[in-house]
Amino acid sequence: MFKNIISMPKTKYLGFGLMIPWEDNLEIQFNLWKDAFTTGKIDKLKEVCGSEQVVGIFCYKCDMATKTFSYHIACENKLNALSSEFEELKLEALDFACFENSCTAVDKRFEQYNALCNEIWGKWLPDSNYISLIEPKTFGCVEGYALLEIYTPENPTNGSYNLEMLLPIKSK
């Protein structure tokens with residue numbers, strides 16, 4: 001599951017998303033992907049950004065009072081485009097812990113996604129020399145820091161897929 005640690009430069013994205021509750025949110029996230037593919041919104045986003053890779057951006061914003069966080073579907077804004085339809089998101093230059101997981105079937109996606117999260121937060125982080133930059137307990141949901149999800153193939157709602165999760169970290 002753990003792959004490696006990488007450094008990424010400051011990156012601008014354009015995307016769309018919503019605030020969702022901390023608990024029971026996976027169905028909301030996957031429905032956002034499904035709707036985005038069904039309506040053609042992802043194709044339009046790719047065109048505006050000049051990018052072929054779509055990512056999920058988890059916890060770019062966080063509201064501690066309402067216990068909600070943002071989930072966006074986004075592309076790197078390679079053309080520095082301005083858009084009234086899509087929101088600009090800027091991620092700071094960060095180190096990321098990379099994790100991989102596979103989903104073998106649509107009916108297993110929640111179980112396998114949760115297994116990866118349990119591996120990261122339940123085992124890897126506590127045993128590592130790092131802390132997560134998106135955790136309220138350790139750093140506090142700071143805009144500009146977010147977890148990235150990269151699905152291959154990019155539509156995680158059709159069937160099996162591979163997931164690469166990039167967690168922003170810093171040394172303890």
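In this text, all values refer to a predicted model and were calculated from it rather than measured experimentally.
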State, to 0.1 Å, how close [X] and [Y] come at their nearest heavy-atom pair, and which atoms those are.
X    : Y    : answer
W33  : E154 : CZ3-O, 3.5 Å
L166 : C98  : CD2-SG, 3.6 Å
M1   : E119 : CB-CG, 3.9 Å
L147 : M165 : CD2-CG, 3.5 Å
L32  : G17  : CD2-CA, 4.2 Å
G15  : L89  : N-CD1, 3.9 Å

- request: Run the numbers on K46 and E76 for salt bridge (charged side-chain N to carboxylate O under 4.0 Å, His left out), then give the verdict.
  value: CA-CA 9 Å; K46 287 178 173 182; E76 183 178 346; over 6 Å; no
message: I want to check a possible cation-pi pair here: K41 against F16, using under 6.0 Å from ring centre and within 45° of the ring axis as the test.
response: yes
For the residue pair [X] and [Y], establish whether any side-chain heavy-atom pair is separated by less than 4.5 Å.
X    : Y    : answer
C103 : L163 : no
Y161 : R109 : yes
S171 : Y130 : yes
I169 : I5   : yes
S70  : I57  : no
L45  : V48  : no
Y113 : L26  : yes
Y13  : L148 : yes

Nearest 0.5 Å please: distance from the [atom1] atom of [X] over to the [atom2] atom of [Y].
X    : Y    : atom1 : atom2 : answer
S132 : L125 : OG    : CG    : 6.0 Å
L94  : K170 : CG    : NZ    : 11.0 Å
E52  : C75  : CD    : SG    : 8.0 Å
L91  : M8   : CG    : CE    : 7.5 Å
K90  : E92  : NZ    : CD    : 9.0 Å
E111 : N118 : CD    : CG    : 11.0 Å

- prompt: Does the side-chain contact (heavy atoms from CB on, under 4.5 Å) test come out yes or no for L133 and L167, once each step is laid out?
  reply: CA-CA 8 Å; L133 294 178; L167 177 69; over 6 Å; no
field: Test log, rule side chain to side chain donor-acceptor pair (under 3.5 Å), inputs D95 and S7
entry: CA-CA 4 Å; D95 290 333; S7 295; 2.5 Å; yes
- request: Start with the C-alpha gap between C62 and W22, add the side-chain angles, then the distance that decides, and say whether side-chain contact (heavy atoms from CB on, under 4.5 Å) holds.
  value: CA-CA 10 Å; C62 183; W22 288 352; 3.8 Å; yes
- request: Check whether F86 and L79 end up in the same hydrophobic cluster, where Ile, Leu, Val, Met, Phe, Trp and Tyr are linked by side-chain heavy atoms less than 4.5 Å apart.
  value: no
message: Please determine whether residues Y60 and M19 belong to a single hydrophobic cluster, defined as Ile, Leu, Val, Met, Phe, Trp and Tyr linked transitively by side-chain heavy-atom distances below 4.5 Å.
response: no
- request: Look only at the side chain of N77 and the backbone of N80, and say whether a donor-acceptor pair between them is shorter than 3.5 Å.
  value: yes
query: Would you find a donor on one side and an acceptor on the other, under 3.5 Å apart, between the side chain of T11 and the backbone of P9?
result: yes
statement: For N162, the side-chain hydrogen bond (donor to acceptor under 3.5 Å, both in side chains) test, sequence neighbours excluded, returns S102
field: Ring centroid separation F30 to F110 under 6.0 Å
entry: yes
- line: For E149, the salt bridge (Lys or Arg N to Asp or Glu O under 4.0 Å) test, sequence neighbours excluded, returns none
In terms of heavy-atom contacts, does [atom1] of [X] have more than 12 from other residues, nucleotides or ligands at under 6.0 Å?
X   : atom1 : result
K10 : NZ    : no
K44 : NZ    : no
E88 : CD    : yes

task: Kindly assign one of parallel, tilted or perpendicular to the pair F99 and W124, based on the angle between their ring planes and the thresholds 30° and 60°.
output: perpendicular
side-chain contact (heavy atoms from CB on, under 4.5 Å) between Q29 and F58, intermediate numbers included: CA-CA 9 Å; Q29 290 172 253; F58 177 94; 3.9 Å; yes
